[in-house]
Amino acid sequence: MHRHGGGIALMAEDRYDPQAVETRWQARWESDGLDQVQVDPTRPPFYALEMYPYPSGDLHMGHIRNYSIGDVIARFYRMRGYNVLHPMGWDSFGLPAENAAIQRGVHPARWTEANIANMRRQLKRMGFSYDWEREVTCSSPDYYRWTQWLFLFLYRRGLAYRKQAPVNWCPECQTVLANEQVVAGRCWRCESPVTRKDLEQWFFRITAYADRLLDDLKLLEGWPERVRAMQEHWIGRSHGAEIHFAVQGTDERLTVFTTRHDTVYGATFMVLAPEHPLVLRLAKGTAQEAAVEEFVERTARLGAEERAGDQVAKEGVFTGGYATNPMTGEPIPIWVANYVLMEYGTGAIQAVPAHDQRDLDFARQYGLPVRVVIQPPGVTLDAETMTEAYDGEGIMVNSGSFDGMPSAAGREAVADYLERHGLGRRATSYRLRDWLVSRQRYWGAPIPIVYCRECGVVPVPEDRLPVLLPPEVDIRPRGMSPLETAPDFVQTSCPHCGRPARRETDTMDTFVDSSWYYLRFCSPKAMDGPFDPAEVSYWMPVHQYTGGIEHAVLHLLYSRFFVKVLHDAGLVRFQEPFRRLLTQGMVTKEGQVMSKSRGNVVPPDEIVEKYGADALRLFILFAAPPEQGWDWPATGVDAVEPMHRYLQRVWRLVQACRPVVTAAGVAGPPAGPDAPGAGEETVALRRQVHRALAKATNDIAERYNFNTAVSALMEMTNALYHYRERVPAGRQDPAALREGLEILLRCLAPFVPHLAEEAWAALGHTESAHRQAWPQADPDLVRAEEVTVVIQVNGRVRDRMTVAAGTSESDLVRLARERERVSAYLRGKSVVQVVTVPDRLVNLVAR
RNA sequence: GCCGGGGUGGGGGAACCGGUAGACCCGACUCACUUAAAAUGAGUUGCCCGGAAGGGCGUGCGGGUUCGAGUCCCGCCCCCGGCACCA
């Protein structure tokens, strides 16, 4: 055994210095325009997109993870010959800028600019390969002009409208919120309990696209199941029926929505939502009037959480009115209760306590009758004593001429009957509501609408866009739009008749900005429209979108809606914006979200300073598969150190091999596995290198398992290191070493672009490592020559043997039975069955 | 409650189609180099019994299918994320 003492020794000055190397190459790449792209019809496009950040001031670990993943994908596809669009921009409208302005007296625009400058610096320092020429900033007039244009585009298509409605109000943010932005009754941003307000607001008619948004989820095979499930649930389509109930003593009728019209004979009472317009009218003049009024008033005051939260007890009062069950003709009492929502269905339900748990709870609480109309298989329900409603399928009973019908068939039969007799009709209901886009805040795109006393609601003509945000406005929140306080903004003339008119003073939800930014990136400087159709048709749809799961419903649903509208107008050819979606897991610290207020932030800047961007990138990719949540280790910044050590190891390897592999005559291919001169160790090395290459390629392209791709590259490094260290110099093939090193460096390029480039240049290359083709694994080398075959006796591993790959099954069995250790286990027994898996195992079943 | 994802060494995580459980990295331990330490390199490291050879146990729990189960099936438990009176 020969030993080299200190291994691959290096002089101190040869240490890899990430700070110097990384900044040097960043400057070089920038001046070379390495990452800039144009449409090129001769090459296949690949649009690699990561969700653009809100410019909060600093990159956090979630960004680093998101963008490191995206950068590997972008660089990988570039090396595979694709023309890769990889842009970055800023989701720069939004509340934090205003809050900072209020707290520190700095204008939101200035605050935003400063944050963008810092975060752009941080992104560049990470070496992400963005085409910065395409940077978009959605708070810039060049951008929001087109956001306004798109608002008008929706308006002209009847998809933007104004209505008076009860809306979610966040008292902390002093603005309204869309349903998607209310999480468990609280504001998604500040977590304050949301209250209700009755306001006239602008909405986008996303419900008109509910069916397509739902049905087309099936097309999104490249999306994670959980995201599709979340959207499916959010849209919440239910097929059922509307049934009309006549209100006794009036001409009124009450319509309910139900998915269980097969249970209509069991409807023993009705329940209305407290906001239902009929509630007060029904009670009027009855003994119940005062009680109903009191109840309605009391529930109206409550916020969403207190009103409809999980732990809120059901509560209601009898309205004094009766309806007629259209099937039985019986009078049934009409109640009002907190568990019925005005927003869903018709705001009224038929209560079938025997077959709906909520109705049963309510019926038991108030002593209302229970009637069994569906008989489950094998059990007999007792209406008097049952405490659990039976909501499954069964046989209809107590249901007149429908008795004996299975419930599924009964639904069809009842629906036919209702339709035939004008008592109701088949209907579909959705959870999805229209998207409320008005915001009573300053830092957003002004809604481009003017109100004229003569002409009414008048859109600002497209050629007068953008409607600019006035710079000097008192933005302190006061429950109304800050733009109200800017007379020069508010007072305008009607674009239609020229008379004095008022501008709309609300701004748009910032999710409108992000619903189309991916289109703008295709032609960021387009002057004639939000995007250039030719450029968009080359790049779109996005091939790979990477971002946080928190946008599973919000941003991803809104963007899908926008694309469908644009598609219908013939402006884009595709139906879906994002072909493949990768949602990376959250980075936490001690199980908690990293945040300044918690004081558990691991600052990327510090890591970059200490170990370099490459080490940080590699660390976060190596730690866990991208979809998985992951907790930053207790060692904090220093957790990255092992990756720094690995990069030093790669560098030492390259330095040590350099004189040998760059010597004259080494450029040719190494001797093949069958060449007479090829030493055993050399072939073994090449097998290891090519096998690791094949694994890394597959892990990146097919599985997005960057952690295992990195581990394959580490194994490749170890194989090269051991070859160089342990094989006697005379038997080392410099060409094989060179081949291995060059494969390694090209594979490392997407992960650690700076080190790869520096080492690539050190091997004498003058063209960038990032302009190289991704290496191809040689199938002859990937294929194993010798394999370890496991020998089992009765399913337990008892021995292993090394045989030539492809050894026949009969030979395998013969060889296995010859083994001493195996025969010891077989002594006194007879083999009754033999199972072989070629190249893997032999299992001898003996008794 | 419903939907989605998990539970594997001291830690992060591998095992892709039912076929060598624990790749790779960290930590720990031993050794070399060093006056010493760091760095670097060589090695050991799932648990238990054993001096060793060797044997037994082992992927949340209980069953099952199979020559063979981390992987498939049935029934549970726990953790994370989403939704939550949606009729």
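Proteins come first, then strands; the chains are lettered A, B, ... in the order of their sequence lines, and each starts at number 1.
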Check your understanding: Syn or anti for B:rC33, with syn set at within 90° of 0?
Key -> anti
Exercise for review: Report which part of the nucleic acid A:T635 touches: base, sugar-phosphate, or nothing (heavy-atom distance under 4.0 Å, all strands).
Suggested key: nothing
Check your understanding: Given that both distances must come in under 3.5 Å, which nucleotide forms a Watson-Crick or G-U wobble pair with B:rC2?
Key -> B:rG82
Point to revise | Rounded P spacing from B:rC57 to B:rC61 in Å | key: 15 Å
Review point. Counting any heavy atom closer than 4.0 Å, what does A:E627 reach on the DNA or RNA strands: base, sugar-phosphate only, or nothing?
Key: nothing
Exercise for review: Give me the ring orientation class for A:W435 and A:Y558: parallel if the planes are under 30° apart, tilted from 30 to 60°, perpendicular past 60°.
Suggested key: parallel
Review point. Taking the six-membered ring for Trp, are A:Y390 and A:H355 parallel (under 30°), tilted (30 to 60°) or perpendicular (over 60°)?
Key: perpendicular
Review point. Considering only B:rA39, B:rA84, B:rA87, which nucleotide approaches the side chain of A:T258 most closely?
Key: B:rA87
Review point. Contact class for A:Y825 vs. all strands (heavy atom < 4.0 Å): base, sugar-phosphate, or nothing?
Key: sugar-phosphate
Please list, one pair per line, the donor and acceptor atoms closer than 3.5 Å that link side chains of residues 547-555 of chain A to other protein atoms, with sequence neighbours excluded.
unit_1 : atom_1 : unit_2 : atom_2 : d
A:H555 : ND1    : A:S514 : O      : 3.4
A:H555 : ND1    : A:S559 : OG     : 3.3
A:H555 : NE2    : A:Y545 : OH     : 2.6

Review point. A:R798 and A:Y825: side-chain donor and acceptor closer than 3.5 Å?
Key: yes
Point to revise | Distance-only side-chain donor-acceptor flag, A:R431 / A:N179, under 3.5 Å | key: no
Point to revise | For atom CZ of A:R796 and atom P of B:rG54, their distance in whole Å | key: 16 Å
Check your understanding: Cationic tip of A:R617 within the cone over A:F751's six-membered ring, i.e. under 6.0 Å and within 45° of the normal?
Key -> no
**Study point:** Watson-Crick or G-U wobble mate for B:rG46, both contacts under 3.5 Å
**Key:** B:rC57
Exercise for review: Take atom CE of A:M230 and atom P of B:rG81, then tell me their distance rounded to the nearest Å.
Suggested key: 12 Å
Review point. In the structure shown, which nucleotide is the Watson-Crick or G-U wobble counterpart of B:rU66, with both distances under 3.5 Å?
Key: none
Review point. When the C1' atoms of B:rG11 and B:rG68 are considered, how many whole Å apart are they?
Key: 32 Å
Point to revise | B:rG70 versus B:rG51 - spacing of their C1' atoms, nearest Å | key: 35 Å
Review point. Of A:V602, A:I64, A:V637, which meets side chain to side chain contact (heavy atoms under 4.5 Å, CB included) against A:L616?
Key: A:I64
Exercise for review: From the options B:rG13, B:rG41, B:rA87, select the nucleotide whose nearest atom is closest to the side chain of A:R652.
Suggested key: B:rG41
Revision key, fill the gap. Per nearest nucleotide of RNA chain B, the residue lying toward the 5' end, A:R226 or A:A624, is A:R226
**Study point:** Watson-Crick or G-U wobble mate for B:rC24, both contacts under 3.5 Å
**Key:** B:rG12
Practice item. Name the residue closer to the 5' end of RNA chain B, choosing between A:V553 and A:D356 according to the nucleotide with the nearest heavy atom. Key: A:V553
Practice item. Could you please name the option among B:rC85, B:rC16, B:rC67 that lies closest to any side-chain atom of A:R703? Key: B:rC16
Review point. Side-chain N or O of A:Q357 less than 4.0 angstrom from OP1 or OP2 on B:rG1?
Key: no
Study note, to complete from the structure: With syn defined as a glycosidic angle within 90 degrees of 0 and anti as anything else, the base of B:rG9 is syn
Review point. Which part of the nucleic acid does A:R821 contact within heavy-atom distance under 4.0 Å: base, sugar-phosphate only, or nothing?
Key: sugar-phosphate
Review point. Paired with B:rA32 by Watson-Crick or G-U wobble geometry, both distances under 3.5 Å: which nucleotide is it?
Key: B:rU40
Exercise for review: Whole angstrom is fine here: how far is it from CZ in A:F706 over to P in B:rG13?
Suggested key: 16 Å
Point to revise | Inter-nucleotide C1' distance (B:rG12, B:rG62), Å rounded | key: 30 Å
**Study point:** Base partner of B:rA52, which must satisfy Watson-Crick or wobble distances under 3.5 Å
**Key:** none
Review point. Could you state the CD-P distance from A:Q628 to B:rU8, rounded to the nearest angstrom?
Key: 11 Å
Exercise for review: Pick the P atom in B:rU20 and in B:rA15, then give their distance to the nearest Å.
Suggested key: 13 Å
Exercise for review: Using the C1' atom on both, measure B:rC24 against B:rG13 and round to a whole Å.
Suggested key: 8 Å
Review point. Which part of the nucleic acid does A:P625 contact within heavy-atom distance under 4.0 Å: base, sugar-phosphate only, or nothing?
Key: sugar-phosphate
Check your understanding: Under 4.0 angstrom, heavy atoms only, what part of the nucleic acid is A:R237 near: base, sugar-phosphate, or nothing?
Key -> nothing
Review point. Hey, is the side chain of A:R724 poking within less than 4.0 Å of OP1 or OP2 on B:rG41, counting only N and O atoms?
Key: no
**Study point:** Between B:rC85 (C1') and A:L360 (CG): distance, integer Å
**Key:** 14 Å
Review point. Expressed in whole Å, how much space separates the P atoms belonging to B:rG9 and B:rC2?
Key: 29 Å
**Study point:** Between B:rU65 and B:rA53 - P atom distance, rounded Å
**Key:** 38 Å
Practice item. Check the distance between B:rA42's C1' and A:Y723's OH and give it to me in whole angstrom. Key: 20 Å
Review point. B:rA42 C1' sits how many Å from A:Y721 OH, rounded?
Key: 12 Å
Exercise for review: Give the ring-plane orientation class for A:Y611 versus A:H644, where under 30° counts as parallel, over 60° as perpendicular and anything between as tilted.
Suggested key: tilted
**Study point:** Protein-nucleotide distance (A:I549, atom CD1; B:rG6, atom P), rounded to Å
**Key:** 13 Å
Check your understanding: Does A:D359 reach the side chain of A:I349, with side-chain heavy atoms less than 4.5 Å apart?
Key -> yes
Only pairs under 3.5 Å count here: list side-chain donor-acceptor contacts from residues 619-632 of chain A, not counting sequence neighbours, and write none if there are none.
unit_1 : atom_1 : unit_2 : atom_2 : d
A:E627 : OE1    : A:T583 : OG1    : 3.2
A:D631 : OD1    : A:T588 : OG1    : 2.5
A:D631 : OD1    : A:K589 : N      : 3.4
A:D631 : OD1    : A:E590 : N      : 3.3
A:D631 : OD1    : A:G591 : N      : 2.8
A:D631 : OD2    : A:E590 : N      : 3.1
A:W632 : NE1    : A:G636 : O      : 2.8

Practice item. Using a heavy-atom cut-off of under 4.0 Å over every strand shown, decide if A:H722 touches base, sugar-phosphate, or nothing. Key: sugar-phosphate
Exercise for review: Please determine if a side-chain N or O atom of A:R726 lies less than 4.0 Å away from the OP1 or OP2 oxygen of B:rA42.
Suggested key: yes
Practice item. Look at the aromatic rings of A:F362 and A:Y339 and report parallel, tilted or perpendicular, splitting at 30° and 60°. Key: tilted
Practice item. Mark up nucleotides 19-26 of chain B, 5' to 3', with B wherever a protein heavy atom is under 4.0 angstrom from a base atom, S wherever such an atom reaches only the sugar-phosphate, and - elsewhere. Key: BBS-BBSS
